[in-house]
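Notes to accompany the following structure.
Protein chains get the first letters and strands the later ones, always in sequence-line order, with residue 1 at the start of each.
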Protein chains: 2
Amino acid sequence: MKPQAPHCQSCQFKDSSLFKQCHLHELEELNESKCFNSYKKGQVIFHEGNRPLGIFCVYSGKVKVSRMGSDGKEQIIRLAKKGDTLGYRSLIDNTKYTASAIALDETEVCFIPAAEFNKLVDENVKVSTDLMKMLARALGDTQDKLIHLAMKPVRERLAEALLLLKSTYQEEGKNPFSISISREDLSSIVGTAKETVIRFLSEFKEDGIITTHGSEITILNPEKLVKISSMYD
Amino acid sequence: MKPQAPHCQSCQFKDSSLFKQCHLHELEELNESKCFNSYKKGQVIFHEGNRPLGIFCVYSGKVKVSRMGSDGKEQIIRLAKKGDTLGYRSLIDNTKYTASAIALDETEVCFIPAAEFNKLVDENVKVSTDLMKMLARALGDTQDKLIHLAMKPVRERLAEALLLLKSTYQEEGKNPFSISISREDLSSIVGTAKETVIRFLSEFKEDGIITTHGSEITILNPEKLVKISSMYD
DNA sequence: TTCAAAAACTGATAAAACTCATATTTTCCG
DNA sequence: CGGAAAATATGAGTTTTATCAGTTTTTGAA
(Lines give C-alpha, C1' and ligand atoms only; values in the text may rest on other atoms or scores of the structure.)
Protein backbone atom coordinates (compact mmCIF):
# COMPACT_ATOMS: atom_id res chain seq x y z
CA MET A 1 0.00 0.00 0.00
CA LYS A 2 1.32 3.39 -1.07
CA PRO A 3 1.55 6.16 1.51
CA GLN A 4 -1.17 8.72 0.90
CA ALA A 5 -0.51 12.43 0.99
CA PRO A 6 -0.66 13.87 4.49
CA HIS A 7 -3.05 16.59 5.44
CA CYS A 8 -1.99 19.96 3.96
CA GLN A 9 -1.42 21.24 7.49
CA SER A 10 1.27 18.66 8.07
CA CYS A 11 2.61 18.56 4.50
CA GLN A 12 6.38 18.53 4.19
CA PHE A 13 6.13 21.63 1.99
CA LYS A 14 3.65 23.70 3.99
CA ASP A 15 6.41 26.20 4.85
CA SER A 16 8.11 26.32 1.46
CA SER A 17 5.40 25.92 -1.16
CA LEU A 18 3.31 28.58 -2.83
CA PHE A 19 0.92 28.18 0.10
CA LYS A 20 3.46 28.81 2.82
CA GLN A 21 1.71 32.03 3.85
CA CYS A 22 -1.74 30.49 4.16
CA HIS A 23 -3.68 30.53 7.40
CA LEU A 24 -4.62 27.27 9.07
CA HIS A 25 -8.22 27.55 7.95
CA GLU A 26 -7.07 28.11 4.39
CA LEU A 27 -4.89 25.02 4.52
CA GLU A 28 -7.86 23.17 5.93
CA GLU A 29 -10.00 24.19 2.97
CA LEU A 30 -7.16 23.47 0.55
CA ASN A 31 -6.90 20.02 2.02
CA GLU A 32 -10.60 19.39 1.50
CA SER A 33 -10.54 20.34 -2.16
CA LYS A 34 -7.20 18.84 -3.17
CA CYS A 35 -6.91 15.55 -4.96
CA PHE A 36 -3.88 13.28 -4.57
CA ASN A 37 -2.57 11.24 -7.49
CA SER A 38 0.34 8.99 -8.39
CA TYR A 39 1.99 8.80 -11.78
CA LYS A 40 4.38 6.19 -13.08
CA LYS A 41 7.42 7.09 -15.15
CA GLY A 42 6.29 8.41 -18.52
CA GLN A 43 2.70 9.13 -17.50
CA VAL A 44 1.16 12.44 -18.48
CA ILE A 45 0.09 14.82 -15.69
CA PHE A 46 -1.35 17.38 -18.06
CA HIS A 47 -1.31 17.57 -21.82
CA GLU A 48 -0.49 20.31 -24.33
CA GLY A 49 -3.68 21.71 -25.85
CA ASN A 50 -5.99 20.84 -22.97
CA ARG A 51 -7.76 23.38 -20.79
CA PRO A 52 -6.30 23.77 -17.32
CA LEU A 53 -8.75 22.85 -14.56
CA GLY A 54 -6.48 23.65 -11.66
CA ILE A 55 -2.87 23.57 -10.58
CA PHE A 56 -0.56 20.77 -9.48
CA CYS A 57 1.76 20.52 -6.50
CA VAL A 58 4.50 17.96 -6.81
CA TYR A 59 4.73 15.93 -3.62
CA SER A 60 7.46 13.53 -4.70
CA GLY A 61 9.34 12.53 -7.83
CA LYS A 62 10.54 14.36 -10.94
CA VAL A 63 8.57 16.01 -13.71
CA LYS A 64 9.50 17.40 -17.11
CA VAL A 65 7.44 20.15 -18.74
CA SER A 66 7.95 20.01 -22.47
CA ARG A 67 6.55 20.81 -25.86
CA MET A 68 6.47 18.47 -28.83
CA GLY A 69 7.39 19.63 -32.32
CA SER A 70 5.47 18.33 -35.32
CA ASP A 71 8.57 16.38 -36.33
CA GLY A 72 8.42 14.50 -33.04
CA LYS A 73 11.26 16.47 -31.54
CA GLU A 74 10.73 17.45 -27.93
CA GLN A 75 11.97 20.55 -26.10
CA ILE A 76 11.99 20.53 -22.31
CA ILE A 77 11.01 23.90 -20.87
CA ARG A 78 11.26 23.13 -17.19
CA LEU A 79 12.22 20.48 -14.70
CA ALA A 80 10.10 20.25 -11.55
CA LYS A 81 10.85 18.57 -8.26
CA LYS A 82 8.95 17.93 -5.03
CA GLY A 83 7.52 21.11 -3.59
CA ASP A 84 7.15 22.75 -7.01
CA THR A 85 3.95 24.12 -8.49
CA LEU A 86 2.90 23.18 -12.01
CA GLY A 87 0.42 24.50 -14.55
CA TYR A 88 -0.23 27.89 -13.00
CA ARG A 89 0.80 29.93 -16.02
CA SER A 90 -1.94 28.65 -18.30
CA LEU A 91 -4.53 29.01 -15.56
CA ILE A 92 -3.63 32.64 -14.90
CA ASP A 93 -3.34 33.48 -18.57
CA ASN A 94 -6.60 31.63 -19.23
CA THR A 95 -5.18 29.73 -22.19
CA LYS A 96 -4.83 26.07 -23.03
CA TYR A 97 -1.70 24.30 -21.89
CA THR A 98 1.11 25.05 -24.31
CA ALA A 99 3.23 22.24 -22.90
CA SER A 100 2.78 18.84 -21.31
CA ALA A 101 3.93 17.68 -17.88
CA ILE A 102 5.29 14.15 -17.79
CA ALA A 103 6.59 12.14 -14.84
CA LEU A 104 10.29 11.24 -15.11
CA ASP A 105 10.05 8.95 -12.09
CA GLU A 106 7.36 7.53 -9.89
CA THR A 107 5.74 10.85 -8.97
CA GLU A 108 3.06 11.95 -6.51
CA VAL A 109 1.07 15.10 -7.16
CA CYS A 110 -1.75 17.02 -5.50
CA PHE A 111 -4.27 18.62 -7.80
CA ILE A 112 -5.95 21.84 -6.65
CA PRO A 113 -9.11 22.85 -8.55
CA ALA A 114 -9.12 26.24 -10.26
CA ALA A 115 -11.97 27.55 -8.10
CA GLU A 116 -10.09 26.86 -4.88
CA PHE A 117 -6.84 28.23 -6.28
CA ASN A 118 -8.48 31.41 -7.50
CA LYS A 119 -10.27 31.89 -4.21
CA LEU A 120 -7.03 31.59 -2.30
CA VAL A 121 -5.23 34.00 -4.62
CA ASP A 122 -8.09 36.49 -4.39
CA GLU A 123 -8.46 36.33 -0.64
CA ASN A 124 -4.87 36.17 0.51
CA VAL A 125 -2.64 38.97 -0.75
CA LYS A 126 0.47 37.19 0.47
CA VAL A 127 -0.32 34.21 -1.73
CA SER A 128 -0.92 36.40 -4.74
CA THR A 129 2.29 38.32 -4.08
CA ASP A 130 4.25 35.07 -3.86
CA LEU A 131 2.59 33.85 -7.02
CA MET A 132 3.60 37.05 -8.77
CA LYS A 133 7.19 36.58 -7.65
CA MET A 134 7.09 32.99 -8.82
CA LEU A 135 5.97 34.17 -12.25
CA ALA A 136 8.68 36.83 -12.34
CA ARG A 137 11.33 34.30 -11.40
CA ALA A 138 10.05 31.81 -14.00
CA LEU A 139 10.15 34.55 -16.63
CA GLY A 140 13.73 35.39 -15.69
CA ASP A 141 14.73 31.73 -15.84
CA THR A 142 13.12 31.27 -19.24
CA GLN A 143 14.83 34.39 -20.58
CA ASP A 144 18.14 32.97 -19.37
CA LYS A 145 17.44 29.73 -21.19
CA LEU A 146 16.60 31.67 -24.34
CA ILE A 147 19.81 33.66 -24.19
CA HIS A 148 21.95 30.60 -23.59
CA LEU A 149 20.28 28.69 -26.39
CA ALA A 150 20.97 31.58 -28.72
CA MET A 151 24.53 32.29 -27.64
CA LYS A 152 26.18 29.17 -26.29
CA PRO A 153 27.36 26.13 -28.26
CA VAL A 154 26.09 22.66 -27.36
CA ARG A 155 29.08 21.70 -25.20
CA GLU A 156 28.47 24.62 -22.87
CA ARG A 157 24.72 24.13 -22.78
CA LEU A 158 25.22 20.47 -21.94
CA ALA A 159 27.50 21.38 -19.04
CA GLU A 160 24.85 23.81 -17.89
CA ALA A 161 22.09 21.19 -18.20
CA LEU A 162 24.06 18.77 -16.04
CA LEU A 163 24.51 21.49 -13.42
CA LEU A 164 20.78 22.25 -13.61
CA LEU A 165 19.97 18.61 -12.95
CA LYS A 166 22.35 18.64 -10.01
CA SER A 167 21.03 21.85 -8.49
CA THR A 168 17.45 20.72 -8.99
CA TYR A 169 17.58 17.13 -7.89
CA GLN A 170 20.59 16.62 -5.64
CA GLU A 171 19.44 15.40 -2.21
CA GLU A 172 21.02 16.76 0.94
CA GLY A 173 24.34 15.03 1.59
CA LYS A 174 24.22 12.74 -1.44
CA ASN A 175 27.63 13.23 -2.96
CA PRO A 176 28.67 12.86 -5.70
CA PHE A 177 25.43 13.60 -7.52
CA SER A 178 23.97 10.87 -9.70
CA ILE A 179 20.90 10.83 -11.89
CA SER A 180 19.32 8.40 -14.27
CA ILE A 181 18.26 10.25 -17.39
CA SER A 182 17.86 9.13 -20.97
CA ARG A 183 20.12 10.75 -23.56
CA GLU A 184 16.95 11.65 -25.40
CA ASP A 185 15.62 13.67 -22.45
CA LEU A 186 19.00 15.25 -21.90
CA SER A 187 19.12 16.33 -25.53
CA SER A 188 15.63 17.80 -25.14
CA ILE A 189 16.86 19.96 -22.28
CA VAL A 190 19.93 21.11 -24.17
CA GLY A 191 18.08 21.59 -27.43
CA THR A 192 20.17 19.36 -29.66
CA ALA A 193 20.30 15.83 -31.13
CA LYS A 194 20.86 12.87 -28.83
CA GLU A 195 23.94 11.72 -30.73
CA THR A 196 25.50 15.12 -30.14
CA VAL A 197 24.80 14.85 -26.42
CA ILE A 198 26.34 11.38 -26.34
CA ARG A 199 29.48 12.60 -28.06
CA PHE A 200 30.06 15.43 -25.59
CA LEU A 201 29.24 13.16 -22.66
CA SER A 202 31.98 10.83 -23.92
CA GLU A 203 34.33 13.78 -23.97
CA PHE A 204 33.37 14.70 -20.40
CA LYS A 205 34.01 11.09 -19.40
CA GLU A 206 37.48 11.16 -20.94
CA ASP A 207 38.18 14.34 -19.00
CA GLY A 208 37.09 12.68 -15.75
CA ILE A 209 34.24 15.13 -15.25
CA ILE A 210 31.55 12.48 -15.20
CA THR A 211 31.11 8.72 -15.25
CA THR A 212 28.16 6.76 -16.59
CA HIS A 213 26.64 3.36 -15.97
CA GLY A 214 23.90 2.83 -18.51
CA SER A 215 21.68 5.85 -18.35
CA GLU A 216 22.99 6.82 -14.90
CA ILE A 217 25.26 9.85 -14.99
CA THR A 218 27.49 10.71 -12.02
CA ILE A 219 29.00 14.16 -11.77
CA LEU A 220 32.53 13.84 -10.39
CA ASN A 221 33.73 17.37 -11.04
CA PRO A 222 31.00 20.03 -11.03
CA GLU A 223 33.59 22.82 -10.89
CA LYS A 224 34.85 21.88 -14.33
CA LEU A 225 31.27 21.92 -15.59
CA VAL A 226 30.86 25.43 -14.21
CA LYS A 227 33.99 26.47 -16.07
CA ILE A 228 32.83 24.88 -19.30
CA SER A 229 29.32 26.26 -19.05
CA SER A 230 30.48 29.83 -18.55
CA MET A 231 33.39 29.70 -20.95
CA TYR A 232 32.23 32.88 -22.66
CA ASP A 233 30.40 34.73 -19.87
CA MET B 1 9.75 72.58 -28.41
CA LYS B 2 8.84 68.91 -27.88
CA PRO B 3 5.32 68.07 -26.73
CA GLN B 4 5.35 67.06 -23.11
CA ALA B 5 3.47 64.05 -21.81
CA PRO B 6 -0.13 64.81 -21.01
CA HIS B 7 -1.57 64.32 -17.58
CA CYS B 8 -2.04 60.59 -16.77
CA GLN B 9 -5.79 61.18 -16.64
CA SER B 10 -5.82 62.21 -20.28
CA CYS B 11 -3.05 59.90 -21.47
CA GLN B 12 -3.72 58.10 -24.72
CA PHE B 13 -3.13 54.81 -22.94
CA LYS B 14 -5.13 55.38 -19.77
CA ASP B 15 -7.67 52.74 -20.87
CA SER B 16 -5.25 50.18 -22.27
CA SER B 17 -2.12 50.34 -20.12
CA LEU B 18 -1.33 48.43 -16.94
CA PHE B 19 -3.08 51.27 -15.11
CA LYS B 20 -6.36 51.06 -17.01
CA GLN B 21 -8.21 49.95 -13.89
CA CYS B 22 -6.94 52.76 -11.70
CA HIS B 23 -9.25 55.24 -10.00
CA LEU B 24 -9.02 58.91 -10.83
CA HIS B 25 -7.27 59.73 -7.59
CA GLU B 26 -4.73 56.99 -8.27
CA LEU B 27 -4.03 58.40 -11.72
CA GLU B 28 -3.67 61.79 -10.10
CA GLU B 29 -1.05 60.46 -7.73
CA LEU B 30 0.64 58.53 -10.54
CA ASN B 31 0.83 61.73 -12.51
CA GLU B 32 2.48 63.55 -9.62
CA SER B 33 5.21 60.97 -9.18
CA LYS B 34 5.90 60.11 -12.81
CA CYS B 35 8.82 61.51 -14.72
CA PHE B 36 8.72 62.07 -18.47
CA ASN B 37 11.81 61.54 -20.62
CA SER B 38 12.86 61.50 -24.25
CA TYR B 39 15.46 59.18 -25.76
CA LYS B 40 17.12 59.43 -29.12
CA LYS B 41 17.76 56.37 -31.29
CA GLY B 42 20.36 54.17 -29.61
CA GLN B 43 20.04 55.72 -26.16
CA VAL B 44 19.82 53.43 -23.15
CA ILE B 45 16.64 53.55 -21.06
CA PHE B 46 17.91 51.08 -18.49
CA HIS B 47 21.05 49.02 -18.41
CA GLU B 48 21.79 45.36 -17.72
CA GLY B 49 23.30 44.93 -14.25
CA ASN B 50 21.77 48.05 -12.70
CA ARG B 51 19.22 48.03 -9.92
CA PRO B 52 15.68 48.88 -10.99
CA LEU B 53 14.32 52.02 -9.37
CA GLY B 54 10.91 51.90 -10.96
CA ILE B 55 9.11 50.93 -14.12
CA PHE B 56 8.81 52.56 -17.52
CA CYS B 57 5.78 53.24 -19.67
CA VAL B 58 6.49 53.78 -23.33
CA TYR B 59 4.59 56.81 -24.59
CA SER B 60 5.89 56.84 -28.15
CA GLY B 61 8.57 55.19 -30.24
CA LYS B 62 10.12 51.74 -30.35
CA VAL B 63 12.28 49.96 -27.78
CA LYS B 64 14.36 46.79 -27.86
CA VAL B 65 15.06 44.83 -24.69
CA SER B 66 18.22 42.81 -25.16
CA ARG B 67 21.13 41.11 -23.52
CA MET B 68 24.74 41.38 -24.60
CA GLY B 69 27.02 38.34 -24.77
CA SER B 70 30.66 38.66 -23.78
CA ASP B 71 31.60 38.23 -27.42
CA GLY B 72 29.63 41.35 -28.25
CA LYS B 73 26.75 39.41 -29.74
CA GLU B 74 23.34 40.74 -28.81
CA GLN B 75 20.11 38.83 -28.34
CA ILE B 76 16.85 40.75 -28.39
CA ILE B 77 14.37 39.39 -25.85
CA ARG B 78 11.47 41.72 -26.49
CA LEU B 79 10.24 44.55 -28.68
CA ALA B 80 8.18 47.23 -26.98
CA LYS B 81 5.87 49.83 -28.49
CA LYS B 82 3.86 52.76 -27.23
CA GLY B 83 1.58 51.77 -24.38
CA ASP B 84 3.90 48.97 -23.21
CA THR B 85 5.36 48.60 -19.74
CA LEU B 86 9.08 47.97 -19.28
CA GLY B 87 11.30 46.78 -16.46
CA TYR B 88 8.64 45.34 -14.19
CA ARG B 89 10.08 41.84 -14.04
CA SER B 90 13.29 42.84 -12.30
CA LEU B 91 11.42 45.10 -9.90
CA ILE B 92 9.03 42.34 -8.84
CA ASP B 93 11.75 39.73 -8.64
CA ASN B 94 13.94 42.20 -6.76
CA THR B 95 16.97 41.50 -8.93
CA LYS B 96 19.23 43.63 -11.06
CA TYR B 97 18.23 44.16 -14.68
CA THR B 98 19.30 41.15 -16.69
CA ALA B 99 18.80 43.00 -19.95
CA SER B 100 19.03 46.54 -21.30
CA ALA B 101 16.30 48.64 -22.90
CA ILE B 102 17.44 50.70 -25.87
CA ALA B 103 15.47 53.12 -28.02
CA LEU B 104 15.18 52.05 -31.66
CA ASP B 105 13.64 55.40 -32.63
CA GLU B 106 13.05 58.72 -31.05
CA THR B 107 11.19 57.44 -27.97
CA GLU B 108 9.25 59.03 -25.12
CA VAL B 109 8.93 57.23 -21.81
CA CYS B 110 7.35 57.88 -18.42
CA PHE B 111 9.26 56.63 -15.40
CA ILE B 112 7.27 55.56 -12.35
CA PRO B 113 9.25 55.23 -9.11
CA ALA B 114 9.23 51.84 -7.37
CA ALA B 115 7.49 53.22 -4.26
CA GLU B 116 4.57 54.54 -6.27
CA PHE B 117 4.35 51.39 -8.37
CA ASN B 118 4.41 49.11 -5.33
CA LYS B 119 1.81 51.22 -3.57
CA LEU B 120 -0.52 50.99 -6.53
CA VAL B 121 -0.03 47.24 -6.84
CA ASP B 122 -0.60 46.76 -3.11
CA GLU B 123 -3.66 48.95 -2.90
CA ASN B 124 -5.49 48.08 -6.11
CA VAL B 125 -6.20 44.38 -6.59
CA LYS B 126 -7.24 44.95 -10.18
CA VAL B 127 -3.86 46.40 -11.00
CA SER B 128 -2.06 43.49 -9.34
CA THR B 129 -4.29 41.01 -11.16
CA ASP B 130 -3.55 42.67 -14.48
CA LEU B 131 0.13 42.70 -13.65
CA MET B 132 -0.02 39.00 -12.90
CA LYS B 133 -1.68 38.34 -16.25
CA MET B 134 0.93 40.45 -17.96
CA LEU B 135 3.66 38.34 -16.38
CA ALA B 136 1.89 35.12 -17.36
CA ARG B 137 1.54 36.31 -20.94
CA ALA B 138 5.18 37.41 -21.07
CA LEU B 139 6.22 34.01 -19.76
CA GLY B 140 4.15 32.28 -22.43
CA ASP B 141 5.63 34.49 -25.13
CA THR B 142 9.16 33.82 -23.96
CA GLN B 143 8.53 30.07 -23.85
CA ASP B 144 7.28 30.28 -27.43
CA LYS B 145 10.46 32.08 -28.45
CA LEU B 146 12.54 29.42 -26.73
CA ILE B 147 10.72 26.61 -28.49
CA HIS B 148 11.02 28.26 -31.88
CA LEU B 149 14.70 28.99 -31.39
CA ALA B 150 15.26 25.34 -30.51
CA MET B 151 13.12 23.82 -33.23
CA LYS B 152 12.93 26.10 -36.24
CA PRO B 153 15.66 26.85 -38.77
CA VAL B 154 16.72 30.43 -39.43
CA ARG B 155 14.54 30.94 -42.50
CA GLU B 156 11.39 30.22 -40.53
CA ARG B 157 12.49 32.26 -37.55
CA LEU B 158 13.26 35.20 -39.83
CA ALA B 159 9.78 34.99 -41.37
CA GLU B 160 8.39 34.94 -37.85
CA ALA B 161 10.49 37.92 -36.81
CA LEU B 162 9.21 39.96 -39.74
CA LEU B 163 5.65 39.08 -38.78
CA LEU B 164 6.41 40.04 -35.18
CA LEU B 165 7.66 43.43 -36.33
CA LYS B 166 4.51 43.86 -38.39
CA SER B 167 2.10 42.84 -35.65
CA THR B 168 3.94 44.98 -33.11
CA TYR B 169 4.55 48.16 -35.05
CA GLN B 170 2.07 48.36 -37.93
CA GLU B 171 -0.04 51.50 -37.58
CA GLU B 172 -3.75 51.42 -38.28
CA GLY B 173 -4.37 51.54 -42.01
CA LYS B 174 -0.72 51.77 -43.05
CA ASN B 175 -0.50 49.14 -45.73
CA PRO B 176 1.79 47.57 -46.79
CA PHE B 177 3.83 47.53 -43.61
CA SER B 178 7.30 49.08 -43.71
CA ILE B 179 9.95 49.33 -41.05
CA SER B 180 13.47 50.63 -40.90
CA ILE B 181 15.60 48.12 -39.03
CA SER B 182 19.29 47.29 -39.23
CA ARG B 183 20.21 43.78 -40.34
CA GLU B 184 22.20 43.58 -37.11
CA ASP B 185 19.09 44.17 -34.98
CA LEU B 186 17.07 41.80 -37.10
CA SER B 187 19.69 39.09 -36.63
CA SER B 188 19.58 39.74 -32.88
CA ILE B 189 15.85 39.07 -32.87
CA VAL B 190 16.20 35.90 -34.93
CA GLY B 191 19.26 34.71 -33.05
CA THR B 192 21.65 34.33 -35.96
CA ALA B 193 24.44 36.10 -37.84
CA LYS B 194 23.64 39.22 -39.84
CA GLU B 195 25.00 37.73 -43.06
CA THR B 196 22.59 34.85 -42.69
CA VAL B 197 19.70 37.25 -42.27
CA ILE B 198 20.79 39.20 -45.35
CA ARG B 199 20.93 36.03 -47.44
CA PHE B 200 17.41 34.95 -46.51
CA LEU B 201 16.11 38.48 -46.98
CA SER B 202 17.55 38.36 -50.52
CA GLU B 203 15.69 35.11 -51.05
CA PHE B 204 12.44 36.68 -49.79
CA LYS B 205 13.02 39.58 -52.18
CA GLU B 206 13.47 37.21 -55.13
CA ASP B 207 10.21 35.54 -54.12
CA GLY B 208 8.43 38.90 -54.07
CA ILE B 209 7.61 38.59 -50.37
CA ILE B 210 9.41 41.78 -49.39
CA THR B 211 11.24 44.71 -50.91
CA THR B 212 14.01 46.77 -49.35
CA HIS B 213 15.37 50.28 -49.76
CA GLY B 214 18.47 50.58 -47.63
CA SER B 215 17.52 49.41 -44.20
CA GLU B 216 13.80 49.85 -44.88
CA ILE B 217 11.97 46.57 -45.29
CA THR B 218 8.48 46.46 -46.80
CA ILE B 219 6.35 43.38 -46.37
CA LEU B 220 4.42 42.78 -49.59
CA ASN B 221 3.12 39.31 -48.84
CA PRO B 222 2.61 38.55 -45.15
CA GLU B 223 0.60 35.40 -45.97
CA LYS B 224 3.67 33.80 -47.50
CA LEU B 225 5.64 34.68 -44.39
CA VAL B 226 2.99 32.97 -42.26
CA LYS B 227 3.35 29.88 -44.42
CA ILE B 228 7.13 29.92 -44.20
CA SER B 229 7.19 30.57 -40.47
CA SER B 230 4.91 27.66 -39.68
CA MET B 231 6.27 25.27 -42.25
CA TYR B 232 6.66 22.56 -39.63
CA ASP B 233 3.92 23.35 -37.12
C1' DT C 1 19.31 -16.83 -16.72
C1' DT C 2 18.25 -15.77 -21.18
C1' DC C 3 16.81 -13.34 -24.81
C1' DA C 4 14.66 -9.65 -27.23
C1' DA C 5 13.81 -4.91 -27.24
C1' DA C 6 15.46 -0.57 -26.12
C1' DA C 7 18.93 2.46 -25.30
C1' DA C 8 23.67 3.93 -25.55
C1' DC C 9 27.37 4.57 -28.41
C1' DT C 10 30.38 5.23 -32.79
C1' DG C 11 31.50 6.52 -37.44
C1' DA C 12 30.66 8.61 -41.86
C1' DT C 13 28.47 12.01 -44.31
C1' DA C 14 25.46 15.87 -45.13
C1' DA C 15 23.35 20.10 -44.06
C1' DA C 16 23.00 24.42 -41.80
C1' DA C 17 24.92 28.32 -40.30
C1' DC C 18 29.13 31.06 -39.14
C1' DT C 19 33.18 33.60 -40.27
C1' DC C 20 36.07 36.18 -43.01
C1' DA C 21 37.02 38.78 -47.02
C1' DT C 22 35.54 42.01 -50.11
C1' DA C 23 32.48 44.68 -53.19
C1' DT C 24 28.68 47.75 -53.43
C1' DT C 25 25.30 50.82 -51.78
C1' DT C 26 23.42 53.99 -48.49
C1' DT C 27 23.74 57.43 -45.12
C1' DC C 28 24.80 61.57 -43.35
C1' DC C 29 27.95 65.19 -42.00
C1' DG C 30 30.72 69.03 -43.34
C1' DC D 1 26.74 68.49 -53.03
C1' DG D 2 30.78 65.53 -52.19
C1' DG D 3 33.03 62.15 -49.87
C1' DA D 4 34.01 59.35 -45.88
C1' DA D 5 31.98 56.15 -42.86
C1' DA D 6 28.66 52.88 -42.11
C1' DA D 7 25.66 49.48 -43.61
C1' DT D 8 24.13 46.23 -47.00
C1' DA D 9 25.20 42.65 -49.92
C1' DT D 10 27.67 38.55 -51.88
C1' DG D 11 31.13 34.79 -52.22
C1' DA D 12 34.24 31.23 -50.45
C1' DG D 13 35.67 28.33 -47.08
C1' DT D 14 35.20 26.44 -42.40
C1' DT D 15 32.95 24.93 -38.29
C1' DT D 16 29.29 23.12 -35.91
C1' DT D 17 25.67 20.24 -35.55
C1' DA D 18 22.30 16.99 -37.62
C1' DT D 19 21.27 12.81 -39.85
C1' DC D 20 21.73 8.12 -41.04
C1' DA D 21 23.47 3.63 -40.54
C1' DG D 22 25.22 0.34 -37.86
C1' DT D 23 27.40 -1.86 -33.42
C1' DT D 24 27.51 -2.67 -28.64
C1' DT D 25 25.59 -2.47 -24.18
C1' DT D 26 21.87 -2.31 -21.01
C1' DT D 27 17.45 -3.45 -19.39
C1' DG D 28 13.55 -5.86 -18.13
C1' DA D 29 10.39 -9.50 -18.57
C1' DA D 30 9.57 -14.49 -19.48
Separation of dA15(C) atom P from Asp71(A) atom CG, nearest Å, is 17 Å
Protein-nucleotide distance (Leu149(A), atom CG; dA17(C), atom P), rounded to Å
13 Å
Could you list all N or O pairs between the protein and nucleotides 8-12 of chain D that sit under 3.5 Å apart?
from	atom 1	to	atom 2	distance (Å)
dT8(D)	OP1	Arg183(B)	N	2.9
dA9(D)	OP1	Lys205(B)	NZ	2.9
dA9(D)	OP1	Thr212(B)	OG1	3.4
dA9(D)	OP2	Arg183(B)	NE	3.1
dT10(D)	OP2	Ser202(B)	OG	2.7
dG11(D)	N7	Arg199(B)	NH1	2.9
dG11(D)	O6	Arg199(B)	NH2	3.1

Nearest heavy atoms of Pro52(A) and Lys96(A), plus distance in Å
CD-CA, 4.1 Å
When the nearest nucleotide of DNA chain D is assigned to Glu216(A) and to Ala193(A) on a heavy-atom basis, which residue is associated with the more 5' position?
Ala193(A)
Which heavy atom of Tyr169(B) sits nearest to which heavy atom of Leu79(B), and what is that distance?
OH-CB, 3.5 Å
Taking only the side-chain nitrogens and oxygens of Thr196(B), find out if one of them lies under 4.0 Å from OP1 or OP2 of dA17(C).
no
Would you call the rings of Phe13(A) and Tyr59(A) parallel, tilted or perpendicular, where under 30° means parallel and over 60° means perpendicular?
perpendicular
With a cut-off of less than 4.0 Å, is there a side-chain N or O of Lys152(A) near OP1 or OP2 of dT17(D)?
no
Figure out the CD1/P separation between Ile217(B) and dA7(D), and round it to whole Å.
15 Å
As an exercise, state the distance from OG1 of Thr142(A) to CG of Asp144(B), rounded to the nearest 0.5 Å.
11.0 Å
Between dT25(C) atom C1' and His213(B) atom NE2, what is the distance in whole Å?
13 Å
With rounding to the nearest 0.5 angstrom, report the OG1 to CG distance, Thr218(B) to Leu162(B).
11.0 Å
Working to the nearest 0.5 Å, report the span between CG of Leu18(B) and CG of Asp84(B).
11.0 Å
